[in-house]
There are 2 protein chains.
Amino acid sequence: MLVSYTEENYLKAIYSLSRLYNDAEVSTNQISEHLKNKAASVTDMLKKLSDKKLIDYKPYKGVKLTDKGKKTAIKVIRKHRLWEAFLVEKLKFKWDEVHEIAEQMEHIQSDELIQKLDNFLGNPKCDPHGDPIPDAAGKFSVQRSIALSSAKQKNSLVVTGVSDHSSEFLKYLSNSGISLGDNLKIEESNGYDRSLKIKVNNKHSLFLSHKAASNILVEIK
Amino acid sequence: MLVSYTEENYLKAIYSLSRLYNDAEVSTNQISEHLKNKAASVTDMLKKLSDKKLIDYKPYKGVKLTDKGKKTAIKVIRKHRLWEAFLVEKLKFKWDEVHEIAEQMEHIQSDELIQKLDNFLGNPKCDPHGDPIPDAAGKFSVQRSIALSSAKQKNSLVVTGVSDHSSEFLKYLSNSGISLGDNLKIEESNGYDRSLKIKVNNKHSLFLSHKAASNILVEIK
DNA sequence: GAGTAAATTTAGGCTAGTCTAAAAATTTGT
DNA sequence: ACAAATTTTTAGACTAGCCTAAATTTACTC
């Protein structure tokens with residue numbers, strides 16, 4: 001069964017929104033905002049994806065991916081991240097320049113291509129943003145990181161990635177002197193606006209809004 | 001101005017059909033057969049491409065690419081051939097497996113990507129089928145080959161490529177023991193069906209139909 | 001639990017690109 | 001040069017994916 005470019009983008013959106021909220025149902029409006037389409041258009045597509053057994057859809061109740069839909073979404077994510085790795089490792093793009101191009105390349109259809117690309121890159125476990133790359137069977141072999149904003153522990157956090165890949169955000173990070181692999185310590189946690197004061201690599205400190213902190217992924221070292 | 005995936009395919013078809021017939025006007029039916037679309041659909045698209053000043057179109061009289069259209073077509077061909085080179089050189093595909101994948105990859109939009117890919121491959125002059133790769137300005141730096149069927153000279157011909165990239169034809173060639181770089185001599189030329197008797201590398205001889213010979217490209221050594 | 005606000009779906013319309021069938025223009029054969 | 005055959009265009013319809021506006025369902029508040 002063929003899944004169009006557009007359908008793939010919907011499945012990808014549903015997958016990542018669902019992950020974001022603990023594998024919960026995803027609402028029409030969430031998808032609409034994420035893809036910058038109108039809610040009515042989303043409803044149309046949900047019906048179509050439901051007919052194809054890629055999602056479980058009950059009107060007004062949100063959607064969840066079926067196993068088939070999840071498999072398709074993870075495959076697209078695998079392709080996206082492998083192409084990002086290729087662009088950075090081999091073609092020497094900066095990590096904040098590759099997202100848009102990978103958005104196009106992730107839709108190239110050829111299982112053999114993706115397998116050969118994976119081998120060519122040495123079967124990487126993560127992409128240049130630190131996001132884990134699933135294998136051909138859809139298995140993620142490395143730990144998923146958590147948002148800095150939700151870290152319970154205050155010390156010994158390591159930046160492993162971002163959840164906002166916009167070049168605006170990535171530029172903001174590099175201007176703030178935060179990059180992949182940096183060590184973070186939470187020095188203060190502001191209750192009322194949930195902003196954080198962070199020490200980077202035991203050197204300089206800075207303030208991060210909740211919004212920024214929620215888009216920085218860390219692992220506990 | 002943006003040119004869609006579909007428009008790019010039409011421009012590419014017009015470019016190669018035009019080249020095939022000595023830069024002549026290309027007819028609606030020729031395009032229709034080449035793209036496996038109906039003639040009526042082709043007419044629709046010709047109007048659209050004409051509105052965008054990508055082709056010169058006079059109803060019933062065929063079309064020619066404008067400079068703008070030619071530039072766009074050559075850019076797509078550049079991308080196609082660079083990706084084919086990548087697939088064969090880096091990912092170790094066979095030369096008869098890459099056409100379909102490159103058909104998809106040629107539409108990825110990013111000037112920076114294609115420039116970096118070109119450098120990564122070492123700025124190749126030809127793709128794995130022996131077709132010349134134009135540079136970023138659209139210039140072909142190597143000689144365009146001629147069809148074996150139209151060779152005036154009988155001796156010292158070198159196989160430089162094919163004009164039919166179907167895996168059916170490529171398999172036929174490899175079964176016949178003809179590959180890129182082989183030396184050919186025309187031993188007999190049959191007037192009535194235009195078939196040829198060919199000696200390959202001064203070793204074995206074989207018969208080629210006009211159809212096959214017209215799809216083998218050679219240079220005079 | 002009734003009324004309002006918010007979310008979602010339905011209804012109907014638009015564009016790009018395709019198709020079939022029919023009409024018009026061109027080319028060919030005598 | 002005129003009729004027939006061929007090519008090309010026009011006319012009208014279809015699908016995918018999007019939209020706006022209106023109707024419906026659900027959620028929230030008192």
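So that the names make sense, note that chain A is the first sequence line, chain B the second, and so on, each numbered from 1.
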Subject >> Y60(A) OH - dA6(C) P separation (whole Å) >> reply: 17 Å
**OP:** Would you verify whether the NZ or CZ of K116(A) falls within 45 degrees of the ring axis of F93(B) while also being under 6.0 Å from that six-membered ring's centre?
**Re:** yes
Original post:
Are any of Y57(B)'s side-chain N or O atoms less than 4.0 Å away from OP1 or OP2 of dT9(D)?
Top reply: yes
Subject >> NZ/NE/NH1/NH2 to OD/OE distance under 4.0 Å, K75(A) and E8(A) >> reply: no
Original post:
So, are K211(A) and D164(A) salt-bridged, with charged N and O less than 4.0 Å apart?
Top reply: no
Subject >> K64(A)/D23(A) ion pair, N-O < 4.0 Å >> reply: no
Subject >> Spacing between E25(B) atom CD and dT8(D) atom C1', to the nearest angstrom >> reply: 16 Å
**OP:** Check whether any side-chain nitrogen or oxygen of N29(B) sits under 4.0 Å from OP1 or OP2 of dT6(D), and answer yes or no.
**Re:** no
Subject >> Aromatic plane relationship, F86(A) with W83(B) - under 30° parallel, 30 to 60° tilted, over 60° perpendicular >> reply: tilted
Subject >> For DNA chain C, the residues among residues 36-47 of chain A that have a non-hydrogen atom under 4.0 Å from it >> reply: A39(A), A40(A), T43(A), K47(A)
Original post:
Near K12(B) NZ, under 6.0 Å, is it more than 12 heavy atoms from other residues, nucleotides or ligands?
Top reply: yes
**OP:** Check the distance between dA16(D)'s P and N9(A)'s CG and give it to me in whole angstrom.
**Re:** 17 Å
Subject >> Whole-Å distance separating the CD1 atom of I31(A) from the C1' atom of dA7(C) >> reply: 13 Å
Subject >> Residues that Y5(B) engages under ring-ring contact (aromatic ring centres under 6.0 Å, His included), provided they are two or more places apart >> reply: H107(B)
**OP:** Quick one: label Y5(A) by what it contacts on the DNA or RNA (base, sugar-phosphate, nothing), any heavy atom closer than 4.0 Å.
**Re:** nothing
Original post:
What's the CD-C1' distance between Q30(A) and dT8(C), to the nearest Å?
Top reply: 13 Å
Original post:
For dT8(D), does either OP1 or OP2 sit under 4.0 Å from a side-chain N or O belonging to S27(B)?
Top reply: yes
Original post:
Which comes earlier along DNA chain D counting from the 5' end, the contact point of P59(A) or that of T6(A), where each point is its nearest nucleotide?
Top reply: T6(A)
Subject >> For atom CD of E7(A) and atom P of dC18(D), their distance in whole Å >> reply: 10 Å
Original post:
Between K61(B) (NZ) and dT8(D) (P), how many Å, whole number?
Top reply: 11 Å
Original post:
At under 4.0 Å, does any side-chain N or O of Y10(A) touch on OP1 or OP2 of dC18(D)?
Top reply: yes
